[in-house]
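Comments concern the structure below.
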Number of protein chains: 2
Amino acid sequence: MIGTKQKILDTAERLFALQGYAATSMRQIISEAGVNLAAIHYHFGSKEELLDEVVLRKAGPVNAERLARLEAAVADGQTPQVGEILEAFLRPMAASASQNEQFVRFMGRVYAEGLLPHVVEKHFQPALARFRDGLRQALPELPEQEFLWRIHFMMGALAHTMCGAPESLQLLGVSAGFQDRIDRLKRFLSAGFRAEGE
Amino acid sequence: MIGTKQKILDTAERLFALQGYAATSMRQIISEAGVNLAAIHYHFGSKEELLDEVVLRKAGPVNAERLARLEAAVADGQTPQVGEILEAFLRPMAASASQNEQFVRFMGRVYAEGLLPHVVEKHFQPALARFRDGLRQALPELPEQEFLWRIHFMMGALAHTMCGAPESLQLLGVSAGFQDRIDRLKRFLSAGFRAEGE
DNA sequence: GTCTATACTGAGATAGAC
DNA sequence: GTCTATCTCAGTATAGAC
């Protein structure tokens with residue numbers, strides 16, 4: 001028998017991915033999950049904390065995979081290549097998208113919205129910080145401010161790229177998949193990061 | 001004597017910029033504007049349409065300036081440079097930011113959020129379409145899908161760059177201004193667009 | 001410890017009097 | 001054009017049953 005908490009998490013994940021966070025009411029979640037309204041507050045405390053746990057379940061494995069790949073890219077002793085580091089950071093997301101594309105889009109939106117800053121801070125920043133250090137090794141000569149801004153540009157492009165459904169982008173055909181998007185994004189970002197600074 | 005509609009527009013602009021769209025209630029707007037709640041519905045129809053008019057007032061001049069610069073860059077007969085086209089698109093925003101930095105941040109958020117798609121579509125897409133054509137002339141050899149995705153990456157980086165307050169980015173010092181941001185973004189995007197395709 | 005029923009506050013929207 | 005009153009629905013909080 002599946003517990004109340006699990007039912008809420010599963011239903012919330014599905015509805016958030018389909019409709020977005022704001023557009024999904026707690027009453028819709030509990031109705032489709034077949035539980036009582038107060039159960040959300042009992043198990044999670046608030047709607048925002050429910051989102052927090054939903055994101056954690058999905059983002060946790062992605063971030064773990066990112067860190068594992070990053071370790072491998074950095075630890076071989078040599079100066080890592082920009083493309084290698086980007087690959088370590090971007091590819092796990094494409095893998096996750098092949099399981100649940102809708103939810104990856106949702107996570108892109110969570111990041112891009114900048115609302116729920118606590119959720120973003122908690123689930124995205126730690127892995128990003130490690131990644132930033134790795135990328136710094138690959139770009140030792142870039143001035144610090146320029147480097148930090150480029151990280152910021154990258155995150156904007158990444159979040160926006162995750163969000164979009166191909167239909168809405170008028171980008172159709174075989175190139176619509178996440179693997180393909182990540183390939184294109186990597187080419188774009190690699191060149192941007194390696195541009196002359198200041 | 002300033003009319004009710006103007007008072008609502010001015011107050012809404014200020015509060016949206018300060019607090020965001022969702023966090024600003026219609027009751028707060030009418031309270032600070034000194035008008036009645038129903039006046040918003042009478043003059044605008046809904047909260048979303050009020051946002052629409054607030055955005056139009058600010059984005060209209062920026063887009064006009066963009067188009068004027070784009071014409072100048074494209075119409076001199078020669079193949080335009082990527083950097084020129086980007087300059088025409090990005091610089092007017094920095095100029096607008098020097099007047100009202102808070103509201104430019106808010107517009108970045110409106111775009112990034114992807115909520116209010118109708119507002120985004122209406123006020124950002126037309127100028128973007130013209131700009132895309134101009135950039136296409138500067139990059140005639142890039143495969144179409146690659147080109148369109150790079151436009152998408154650019155818009156993500158741009159929106160995210162506009163949103164952020166320097167404090168929250170840990171990017172302090174002289175480099176925090178919008179002119180400087182745009183310079184850095186232009187370097188980054190120029191290199192990205194000119195990278196080898198596919 | 002878990003869950004249900006119900007009430008509270010504040011949001012956007014609307015009808016109709018003036 | 002403007003304002004009052006009211007409607008519906010959101011997230012939240014609590015008392016109490018099992």
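Chain letters run A, B, ... following the sequence lines, proteins first, then strands; residues in each count from 1. What's counted below: heavy atoms across the whole structure, side chains too, no hydrogens, waters or symmetry copies.
- Taking 4.0 angstrom as the limit, A:Tyr42 places none of its side-chain polar atoms (N or O) nearer than this to OP1 or OP2 of C:dC3.
- For B:Arg27 against C:dG10, no side-chain N or O and base N or O form a donor-acceptor pair under 3.5 Å.
- Between the P atom of C:dT14 and the CZ atom of B:Phe44 lies a distance of 16 Å, rounded to the nearest Å.
- Following chains of ILVMFWY side-chain contacts shorter than 4.5 Å, one can reach B:Phe147 starting from A:Phe188, so the two form part of one hydrophobic cluster.
- At whole-Å resolution of the value, CD1 in A:Ile8 and C1' in C:dT2 are 11 Å apart.
- When the nearest nucleotides of DNA chain D are assigned to B:Ala38 and A:Ser46 by heavy-atom distance, the more 5′-ward of the two goes with B:Ala38.
- Between A:Asn36 and B:Leu37, the residue whose closest nucleotide on DNA chain C is further toward the 5' end is A:Asn36.
- In this structure, the CD1 atom of B:Ile40 is 12 Å from the P atom of C:dA11, given to the nearest Å.
- Within 4.0 Å of B:Ala39, counting heavy atoms only, lies no atom of the nucleic acid at all.
- Regarding A:Glu48, its CD atom lies at a distance of 13 Å from the P atom of D:dA13, rounded to whole Å.
- Here D:dA10 presents its P atom at 18 Å from CE of B:Met26, a figure rounded to the nearest Å.
- Separating the CD atom of A:Glu49 from the P atom of D:dG11 is a distance of 15 Å, rounded to the nearest angstrom.
- Distances were taken from every side-chain heavy atom of B:Ser25 (C-beta onward) to each of C:dA13, C:dG12, C:dA5; the shortest belongs to C:dG12.
- Here the closest heavy-atom approach between residue B:Leu158 and residue B:Leu185 is recorded as CD1-CD2, 3.8 Å.
- Checked against C:dG12, C:dG1, C:dA5, the side chain of B:Lys47 finds its nearest nucleotide in C:dG12.
- The side chain of B:His41 places no N or O atom within less than 4.0 Å of a non-bridging phosphate oxygen (OP1 or OP2) of C:dT14.
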**Item:** ring-ring contact (aromatic ring centres under 6.0 Å, His included) between B:His160 and A:His160, worked out
**Value:** CA-CA 9 Å; B:His160 199 231; A:His160 199 233; over 10 Å; no
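- Counting heavy atoms from C-beta outward, A:Leu189 and A:Arg150 have side chains that stay 4.5 Å or more apart.
- Taking side-chain N and O atoms only, A:His43 has a distance below 4.0 Å to OP1 or OP2 of C:dC3.
- Comparing D:dG11, C:dC3, D:dT2 against the side chain of A:Thr4 picks out C:dC3 as the nearest.
- A search for ring pair (Phe, Tyr, Trp, His ring centres under 6.0 Å) contacts involving A:Phe124 returns A:Tyr111, not counting sequence neighbours.
- Regarding A:Ile30, its CD1 atom lies at a distance of 10 Å from the P atom of C:dA5, rounded to whole Å.
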